[in-house]
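Both counts, for ligands and for their atoms, begin at 1 and track the order of listing.
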Amino acid sequence: MKKISACPGWLGLAQDRQSFIFLPDKAKVVQKIFQLCVGGVGSYTIAKVLNQQSVPPFGPSPTWDQSTIDNMLRNRATIGEHQPKDWSGGVKKGTPTGKPIANYYPAVVDVATFEAAQRVRKQNLVCRRGRKGERLSNIFAGLTTCFYCSGPVKFHSNGNAKSLICESVIRGNGCIRAGWTYENFEVSVLQFLTHPALAELLPPDHAIVGLTQNVESGNHRFDMRIEIASALQRMVSALRLANAGIEPTSTLPEAQIRRDKPERRFQISLRNGPTFMGTPIFRY
Ligand SMILES: [Zn+2]
């Protein structure tokens, strides 16, 4: 049998170099990195968190850095896949040859988590979020779209006013000029998702009820918000904002952006499940 020459940093190599060894402690670190990413935390902040917690890095470098995290989050070896490469061309990273081989390595994250991480990364949250610190201001990052134009709905901060507004509106490219105050939106959606009738429809690992209670009591706020964001990514497939109700009258391109119109609604679709229409909570 051919001997294995290299192996991902989170796995061990058996002494005869014929097989890989699953290392639970390192696997936990990889899972934590994916969880943070899916929760919307950028690679820069993930590296900072790991360094603060003195988590030993896998490679020769004494500390975690952003690019190591980025590479790991992209690496399909985390789900067990191996891409054979040709190293003869002198290319530093090798040239992929042939089809990837599934179940080549012991997987350390599941496919759903890996794909959620790619979705979040695609939304370009990573660098923007990472450098801003650890507040995790928007737990819905990458999930929200516009009911009217289907474009992304973005977290928009204007001094103290933080709201969710259609990207088209922010850029002055049309759509309905309305926004939803972030805090009210968050309360409304979480209240909706923790309703006992809905909680029954959710798989037990989506224990968002317990998580939100912890947030309200102020314990481990940042960690809990990450877990809620991560649970949302796993349970919600679409979250569409109708900031001006379901049948709004069109607005002029130069009209003021109106926030928190009373007719506003959100439409939420659960993964492999039903779609609901939710209303705002009036609690100020
Ligand atoms: Zn729109």
Checklist entry - Which pairs count as ring pair (Phe, Tyr, Trp, His ring centres under 6.0 Å) when at least one residue sits in residues 65-86, sequence neighbours excluded? => result His82-Tyr104, His82-Tyr105
Next on the checklist: Holding to side chain to side chain contact (heavy atoms under 4.5 Å, CB included), I want the full list of residues that pass it with Asn71, two or more places apart in sequence or in another chain.
Outcome noted: Arg74
Item to check | Those residues that, when tested against Asn51, pass side chain to side chain donor-acceptor pair (under 3.5 Å) (two or more places apart) | outcome: none
Checklist entry - What is the distance from atom CE of Met277 to atom CZ of Phe147, rounded to the nearest 0.5 Å? => result 4.5 Å
Next on the checklist: No waters, cut-off 2.8 Å: how many protein N, O or S atoms are close to the Zn ion (ligand 1)?
Outcome noted: 4
Checklist entry - Atom CG of Leu11 and atom CD1 of Ile21: how far apart are they, to the nearest 0.5 Å? => result 9.0 Å
Checklist entry - Looking at OG1 of Thr95 and NZ of Lys85, how far apart are the two atoms once the value is rounded to the nearest 0.5 Å? => result 9.0 Å
